[in-house]
Amino acid sequence: MPDPSRPLDTTVQPEPWTIEPLALDHKPVFDRALAAAGVSLSDYSFANNMCWQLSQRLFIASLAGSLGLFAERDGVLSMPLPPLGPPWQQAAALEACVALLERANDGASVGELRFVSPEFVARLPEHGDGWLRGHTLEVLPESPDFFYRRSEMVELRGARYKSKRNDINQLLRTYPSARAEPLRQCDAEAVRLLERLWLSQRGDHDHDPARDEEAFALAAAMQHFDALGLFGVRLMIGDTLAGITLGERLPTGVVNVLFEKTDLDVPGASQFIFREFCRGLDDDALINTGDGAGSPSLVRAKESYRPVQLGDKFLLRIWRANP
C-alpha cells in the first residue's frame, strides 16, 4: 500500500503552490470546492476519492483560486478530477495544473484529467489554447453515470418494473425475517465478511487488483463512515447480514451510491436493499449509482432500472508538443 504520508517530490511543486496528501481534515474545503463546481457526477465526491487509495496516492493543492486533486500511480501524476472552482477561474487553474503535470511527467503525454463534465468541456473554447502551454488536447468520452428518481425506485410501478417487484416479493416469502435496518460504522467487520463471501460466490479466487482496490475502498468507507458523512441500509435475515447499500449526499443535493454488496445466494437481495435505501431518503432526490465500471453486465443491470438521465463525462489527455 502506498504511504500517503510521504510527500510528493518537491521538484514538481512550483512555488507558491502547496501540495499535501489528501486527508480527512480536507473534507470541508473539498466539499466547498465541489459545491462551487456544481457537478453531480459520482466522481465529484470527497469520500469516493479519499477511500480509493490502495494503489495510488492522492494530493490536494490550492492553485489559481481553485482546488486541484492529483493522483500519483507508478510514478505518473494525473488528475482524477479537473480543477474545482468557479467557472471564471477555470482557465488560470487549468494552466497551473498543466504546468505541474508537465514538470512531473516524462514522455509523450503531459498528463490526463479524468471525469470532466460536459459543461467544463463546453467552456474550453472560451479560454483559447494558452492554458495548454503549447501542447495539444485530446477529448475522449468515458462511461456515463446512471441517474434515477427516488420515487420511481421506491414505487416500482408498471410493467417495466414487474420483475423487480417479483424478486422482492419472492425474497420476503422465502425469508419472512428479512428486514432493512440502518447501516452503521460498527457494522464494519460484518461488511468485510460479506465482501469476502460475495467475492467467493463470484468465483474470484485468483488475485485481482481491481477487486483488491474495491475491497480496500469499502473497508476505508466503513472505517471512516461517520467522519465521511455516509449513510446506508443493511439487509438482515435473522441475525445474518445479507446485503448493504452505502451512499452519501453530494454538495449538489444528489444522492451518490458508493457501494452495494449482497449475498448472491439470496435472490432478490439486491432489488430489496436498493429499494429500501431509496425509501429511507427524506426527499424525492435524484440518485446517482455511478457508471458501469467497464462491466457490460453491470451496465445492463443499471439500464434495467430505466434511468431518467445519463451523466456524460470525458477524459482530457494532453500530448506534449515536442516529446
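Gln271 contributes no side-chain N or O that, together with a main-chain N or O of Lys164, makes up a donor-acceptor pair within less than 3.5 Å. Here the side chain of Asp284 pairs a donor or acceptor atom with the backbone of Ser151 at under 3.5 angstrom. Checking side-chain atoms of Arg149 against main-chain N and O of Val308 turns up no donor-acceptor pair under 3.5 Å.
At least one side-chain heavy atom of Asn49 sits under 4.5 Å from a side-chain heavy atom of Leu69. Within the 4.5 Å cutoff, side-chain heavy atoms of Leu230 are placed close to those of Leu258. Phe120 has its side chain within reach of Leu94: a pair of non-hydrogen atoms, C-beta onward, lies under 4.5 Å apart. The closest side-chain heavy-atom distance from Cys278 to Ile287 is below 4.5 Å. Side-chain contact between Tyr305 and Phe146 is absent, with no heavy-atom pair separated by less than 4.5 Å. A heavy-atom distance below 4.5 Å is not found between the side chains of Val255 and Glu248. Between Leu316 and Glu112, every side-chain heavy-atom pair lies at or beyond the 4.5 Å cut-off. Met222 is not listed as a side-chain neighbour of Gln185, based on a closest heavy-atom distance of 4.5 Å or more.
Residue Asp145 is tested with Asn256, Thr289, Asn288 for a side chain to side chain donor-acceptor pair (under 3.5 Å); the sole match is Asn288. Only one option out of Arg160, Arg157, Arg306, Arg275 pairs with Glu152 in a salt bridge (charged side-chain N to carboxylate O under 4.0 Å, His left out); it is Arg160.
Inspection of the Glu260 and Thr245 side chains reveals an N or O donor paired with an N or O acceptor under 3.5 Å. No donor-acceptor contact under 3.5 angstrom links the side chains of Ser78 and Arg73, judged on distance only. For the 3.5 Å distance criterion, the side chains of Gln170 and Thr174 qualify, holding a donor opposite an acceptor.
Aromatic ring orientation, Phe30 versus Phe46: perpendicular (interplanar angle above 60°, classes split at 30° and 60°). Note: Trp52 and Phe259 have parallel aromatic rings, judged against thresholds of 30 and 60 degrees for the angle between ring planes.
Surrounding CG of Asp129 are at most 12 heavy atoms belonging to other residues, nucleotides or ligands under 6.0 Å away. When the shell of 6.0 Å around CG of Asn166 is examined, it contains more than 12 heavy atoms from other residues, nucleotides or ligands.
Judged by the 6.0 Å distance and 45° axis criteria, Arg196 is not positioned over the aromatic ring of Trp198.
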